[in-house]
Each structure stands twice: as structure tokens, then as C-alpha cells.
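Everything on this sheet refers to the single structure shown next.
It should be emphasised that the depicted structure is a prediction, and the values quoted were computed from it without experimental measurement.
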Amino acid sequence: MKKVLVFSFVLCSVCGLNSFAQNEEAGMDSRMKIWMDYMTPGPMHEMMAKHAGTWKMVSKMWMEPNSEPQVSEGTVDAEMILGGRYLKMVAKFPFMGMQTEGWSLEAFDNGKKEFINIWIDNMGTGVAISTGKYDEATKSIIYNGKMYDPVSGKDTDYKSISRKISDNEMKFEMFSNYEGKEFKVMEISYTR
């Protein structure tokens, strides 16, 4: 009788472990699929890839409302990196007598369903980070973010709009606050 009980216990344990292993394997497969979906470039990445190439840029910058803009021309080299997951853009242009270089890294997060943009340049030592959603009606990504303002000594909010006009034309606009009111601080037209 003891042998039958021991055998039954072992059989139940093996069956239970096997069932647990199958459930664990099914859970692992489910988690793996989630990761695969998260890491696989999709339609938004394909849209970003259309920006790869060399662009001519004309930028206008306003220091305050109703002032004359600082106008400059430059170039942007854009490429998809890390297996088509991110768009890296390197801009070079003169600004206020200084040769300026800025890098933009754009991502679309499959999980959050939002765009993320990181901007760095040689006009500062900080990082501007913004997130945004794509608006199909206007073919635009509307970003909101923060960057450090060395004059005020604190972070400041900004909004930017990146608009695709055609496969060979883009426009970027950036807005900030001035004495409590939003005004356009930058406009960049890209052509290739």
C-alpha cells in the first residue's frame, strides 16, 4: 500500500510539474511575443525612415515676439540607426557668428504609442526631451517637452510641431512662453 501511495504521489508530482512547466512555457511564449512586438519596427518607423538622406535647411529664430528673425541656412544628414528603430539627424548651420551643430534622435515607442525626441547641440550642455503623438489629419507630430533655460536658471516648457509636407519637404516649428504667452521662437524649412 505504501508503494502505491508513493507511486501515486510521484506520478501526481510529475504531472503537476509538467503542467506547471507547460503553463510556464505558455507564459514565456506570451511574454516573448510581447517583447518581439515591442522591439519590431512598424509603420511609424517606416514613416521616419522616409526622412533619411541629406536635407537643406533654412531656419528662422526669434529672440522675442515682434522681433526680426535671425535667418541661417545649413544642412541636415539623417539616417535610420539600430536596425531601423531610431532616426538620427545631424544639423550643421551658422547661428550668431558661430558654427552650430545639433543632433536629434527620434524614436517611436511601440508600447507607449508615442514619439520621443531628444535634442543636443554645441550651444549648451543640456538635453531637450519631448514626447508627442502623430496627427494623421495634419501629417504632424505635436511634441511637448522641457529644456533648461540658462537665463532664468530653470526648466522651461516648449511645444514643437514637426510636419511632413511631401517626401521632399518638411517644416519644424517651436513655441515657447514669453511673459506668460506662447510665441514662435523657431521655424525650420527642410528641402531635398
Return yes if a side-chain donor-acceptor contact under 3.5 Å exists between [X] and [Y], otherwise no.
| X | Y | value |
| --- | --- | --- |
| Glu64 | Trp62 | no |
| Asp121 | Trp119 | yes |
| Tyr158 | Asn177 | no |

Report yes or no: do [X] and [Y] belong to one cluster of Ile/Leu/Val/Met/Phe/Trp/Tyr joined by side chain heavy-atom distances under 4.5 Å?
| X | Y | result |
| --- | --- | --- |
| Tyr134 | Tyr143 | yes |
| Phe93 | Met186 | yes |
| Val76 | Phe172 | yes |

Between [Y] and [X], is there a side-chain heavy-atom distance shorter than 4.5 Å?
| X | Y | answer |
| --- | --- | --- |
| Thr156 | Met147 | yes |
| Asn117 | Ile129 | no |
| Gln70 | Lys60 | no |
| Phe115 | Lys133 | no |
| Lys159 | Glu182 | yes |
| Asp77 | Lys92 | no |

Would the distance check show the side chain of Ser72 and the main-chain N or O of Pro94 forming a donor-acceptor pair, the cut-off being under 3.5 Å? yes

Hey, does the side chain of Lys164 reach the backbone of His51 with a donor-acceptor pair shorter than 3.5 angstrom? no

Passing option when Ile188 is tested against Met57, Met174, Met170 for side chain to side chain contact (heavy atoms under 4.5 Å, CB included): Met57

Return the minimal non-hydrogen interatomic distance between [X] and [Y], and the atom names on each side.
| X | Y | answer |
| --- | --- | --- |
| Ile161 | Phe175 | CD1-CE1, 4.0 Å |
| Ser140 | Arg163 | OG-NE, 3.3 Å |
| Asn110 | Asp37 | ND2-O, 3.3 Å |
| Glu73 | Val58 | CG-CG2, 3.9 Å |
| Met61 | Phe95 | SD-CE1, 3.0 Å |

Is a salt bridge present between Asp157 and Lys146, judged by a nitrogen-to-oxygen distance below 4.0 Å? yes

Among Asn168, Asp167, Thr54, which one satisfies side-chain hydrogen bond (donor to acceptor under 3.5 Å, both in side chains) with Arg192? Asn168

Residues two or more places apart in sequence or in another chain: which of them pass side-chain hydrogen bond (donor to acceptor under 3.5 Å, both in side chains) with Asn144? none

Residues, nucleotides or ligands: over 12 heavy atoms within 6.0 Å of Met98 CE: yes

